[in-house]
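Below: the structure, in structure tokens.
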Amino acid sequence: MTQTAGKKKKGLVRRFLPYYKKYRKTVAFDLLCASLTSVAELTLPMIVRQITGRATNPTEFGELSVKFVLITGGIYLLLRVVEALANYYMQYVGHVMGSKLETDMRTDLFHHLQQLSFSYFSQTKVGQIMSRITSDLFEVTEFTHHCPEEFLIAFIKIGVSFTILIQMNPLLTALMFGVLPFMVFFAWRYNHKFRAAFKQRNRQVGEINAQVEDSLLGVRVVKSFANEEIEERKFDEGNRKFLDFKAASYRYMAEFGTSNRIFDALMYILVVVVGAILIINGRLEVPEYTAYLLYVSVLLTAIRRIVEFIEQFQRGMTGIERFYEIMDAPAEITDKPDAADLTDVTGEVVFDDVGFRYTEDEADVLHHLDLTVKPGQSVALVGPSGAGKTTFCNLIPRFYDVTEGRILIDGKDIRDLKQRSLRQNIGMVQQDVYLFSGSVMDNILYGKPGATREEAVEAAKLAGAHGFITALPDGYDTYVGERGVRLSGGQKQRISIARVFLKNPPILILDEATSALDNESERLVQQSLESLAKGRTVFTIAHRLTTIKGADVICVLTEKGIEESGTHDELMKKDGIYAGLYRMYTEEGTVTA
């Protein structure tokens, strides 16, 4: 392990320790119990030494009597009872504490994920995130509970054994403990190998999750192209990689375990052979020799537990490292300390010399945009694909921050407003409707948590959705399936419109809301959208140009910016870009907008 890696590990542990703060009393008592579980094991060699000494050398150790044996046996039995109770506390309360700590970490992780911007999720696979929030944190649970216990028990057993044995025979003790530095060296040598192997393994679990999620969510596409075999091959490839990484971690464990078994044997041989020679030379008594053999067993048991725990330790450290990789991802869109609430919105929206690029290395998507939209106006955005129409609309609710210039709502820079209050005043209806797993009612109420059932039904009526909803098997309580798969595209879209009706925002964004629908569904949804747009400031990204003829302002957005703007009649008279697009659409029934 390199010096940098060592510092990184210490840094992770230091950052992780505050999670124990809530449970410090539990941790303290758990460590006390861990100490008590060591007492009986450390006492047994001394009891055997006394019994053996009294039996072989009563002059020095005293007479061996039934009373002494019974008293000693009673004390040892009491110690074992205490050990059993302490072990119960460790196994039950200690594990529960670890689970609570895991829950706290998962809560923090999910909270942080909610703060991250769109750019993070566009670059990160959901399967990787799921792996970190589930399996990685489970590994952390075992680590958080066992790590303090195992190290404390090992420290006590090794420390007490050394203290007692050095007093009995310094030479034999020095020879026996002289093996430990070599064991530590091998542990240090294999440490970084374990860490790398476990990190690769956990990353591959995330890749498998991502591939499974992708395949299952696209199962209709898979089956429509009869590509089940392709998906199976992709899965098998990822699964084999996981096996390779796991096999590598087991190989390192086997190599490490084998080397430690060799050192175990060496320590036993030293005690047996050197101890026997010392007995022959009269430099070691038989009772001490017996105690040495038992303490070697105690010592090696402690070392074996640490060796076995190293795998768990590395899994836990890998889980913590992957946890902080997400926690360290910056929340690019944040509220200022003095951010204000957006209240009493009239709906005026101003783009003041706005420019935007996704990253510093990329070219501008938008540049030098100026547009003033009065309260209640409807603005349609048309133009070629890739001109930045969706990006334009995503800047209004501050899904991304402008690179240059500013956006004002009712004269207030949106960066000076709290994100929550800003987005509560903006409603969005998108082409790709997302319905959550649950009932129709659950999905409508998502627009305004806390609203009554009656308000949700009224919103559905306004959206033109009440009729088809009541015809469903369980009406508003009908389960919509994963992503709303049990409903048609038009039905899902009208539910999403009902959701926005319930929210009742003063500013509305329609992002190609009807482009994926058939003619009948489009007609119904368009009626719902027209009803929804009344009295609101509306931004519409248009795919079918006939739907935006009545817009107050039509803006033609190209890579050069807003090249044309005006009403439908004004732009047709101008006979420019818009007129060409409109004629292409009406003549051919399609347009690349």
Side-chain angles (χ1 to χ4, degrees), residues 31-87 149-183 260-307:
L31 292 178
L32 174 62
C33 289
S35 304
L36 292 175
T37 60
S38 305
V39 174
E41 200 169 356
L42 289 168
T43 304
L44 180 61
M46 298 306 295
I47 291 175
V48 172
R49 176 174 178 260
Q50 283 294 319
I51 292 174
T52 307
R54 286 172 181 260
T56 58
N57 192 356
T59 305
E60 182 179 345
F61 288 91
E63 291 289 338
L64 180 64
S65 64
V66 174
K67 180 180 178 182
F68 174 79
V69 171
L70 292 176
I71 292 174
T72 304
I75 293 172
Y76 186 67
L77 177 62
L78 178 62
L79 291 175
R80 282 298 183 186
V81 170
V82 171
E83 179 187 17
L85 294 174
N87 190 66
E149 292 175 358
E150 296 297 339
F151 281 114
L152 178 64
I153 290 171
F155 176 78
I156 290 173
K157 286 183 176 180
I158 293 172
V160 171
S161 297
F162 179 80
T163 303
I164 294 173
L165 295 177
I166 196 74
Q167 294 176 7
M168 291 185 184
N169 193 292
L171 175 61
L172 185 56
T173 304
L175 288 172
M176 187 173 70
F177 276 82
V179 178
L180 287 181
F182 295 98
M183 300 181 76
N260 276 283
R261 283 183 176 276
I262 292 172
F263 288 123
D264 283 2
L266 182 59
M267 291 179 75
Y268 268 120
I269 291 169
L270 280 172
V271 172
V272 171
V273 174
V274 177
I277 294 173
L278 291 174
I279 289 175
I280 293 171
N281 295 328
R283 296 177 61 184
L284 185 69
E285 297 291 334
V286 172
E288 277 76 14
Y289 182 65
T290 306
Y292 256 102
L293 290 173
L294 291 174
Y295 272 120
V296 168
S297 178
V298 171
L299 185 62
L300 293 179
T301 300
I303 292 171
R304 284 194 200 102
R305 286 184 65 169
I306 288 295
V307 169

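- The closest side-chain heavy-atom distance from F182 to I262 is not below 4.5 Å.
- Separation of atoms CG (L152) and CD1 (I156) is listed at 4.0 Å; rounding is to 0.5 Å.
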request  = Before giving the answer on side chain to side chain contact (heavy atoms under 4.5 Å, CB included), spell out for F177 and I158 the whole-Å C-alpha distance, their side-chain angles and the decisive distance to 0.1 Å.
outcome  = CA-CA 9 Å; F177 276 82; I158 293 172; 3.8 Å; yes
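- With hydrogens and angles left out, the side-chain atoms of Y292 and T173 include a donor and acceptor closer than 3.5 Å.
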Using atom types as modelled, flag every donor-acceptor pair under 3.5 Å from a side chain in residues 35-46 to any protein atom, sequence neighbours excluded.
| residue | atom | partner | partner atom | Å |
| --- | --- | --- | --- | --- |
| S35 | OG | L31 | O | 3.0 |
| T37 | OG1 | A34 | O | 2.6 |
| S38 | OG | A34 | O | 3.4 |
| E41 | OE1 | K157 | NZ | 2.5 |
| T43 | OG1 | V39 | O | 2.6 |

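- The closest donor-acceptor contact from the side chain of N169 to the backbone of L171 lies under 3.5 Å.
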query = side chain to side chain contact (heavy atoms under 4.5 Å, CB included) between E63 and F68: does it pass, once the steps are laid out?
reply = CA-CA 9 Å; E63 291 289 338; F68 174 79; over 6 Å; no
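- Contact of the M176 side chain with the Y295 side chain is not registered, since no non-hydrogen atoms from C-beta on lie closer than 4.5 Å.
- Using modelled atom types, no side-chain atom of R49 and backbone atom of P287 make a donor-acceptor pair closer than 3.5 Å.
- Residues L270 and V179 share a closest heavy-atom pair of CD1-CG2, 3.8 Å.
- Taking a 6.0 Å sphere around OH of Y76, one finds it holds more than 12 heavy atoms contributed by other residues, nucleotides or ligands.
- Note: S161 OG to I166 CD1 = 12.0 Å, rounded to the nearest 0.5 Å.
- Taking CG of L299 as the reference point, atom OH of Y268 lies at 9.0 Å (rounded to 0.5 Å).
- To the nearest 0.5 Å, atoms CZ (R80) and CG (N87) are separated by 10.5 Å.
- Here the CD1-CG distance, from I75 to L70, works out to 11.0 Å after rounding to the nearest 0.5 Å.
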query = Going through the distances and angles, do L165 and L172 end up as a side chain to side chain contact (heavy atoms under 4.5 Å, CB included)?
reply = CA-CA 8 Å; L165 295 177; L172 185 56; over 6 Å; no
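- Taking CD1 from I47 and OG1 from T52, the interatomic distance works out to 11.5 Å, rounded to the nearest 0.5 Å.
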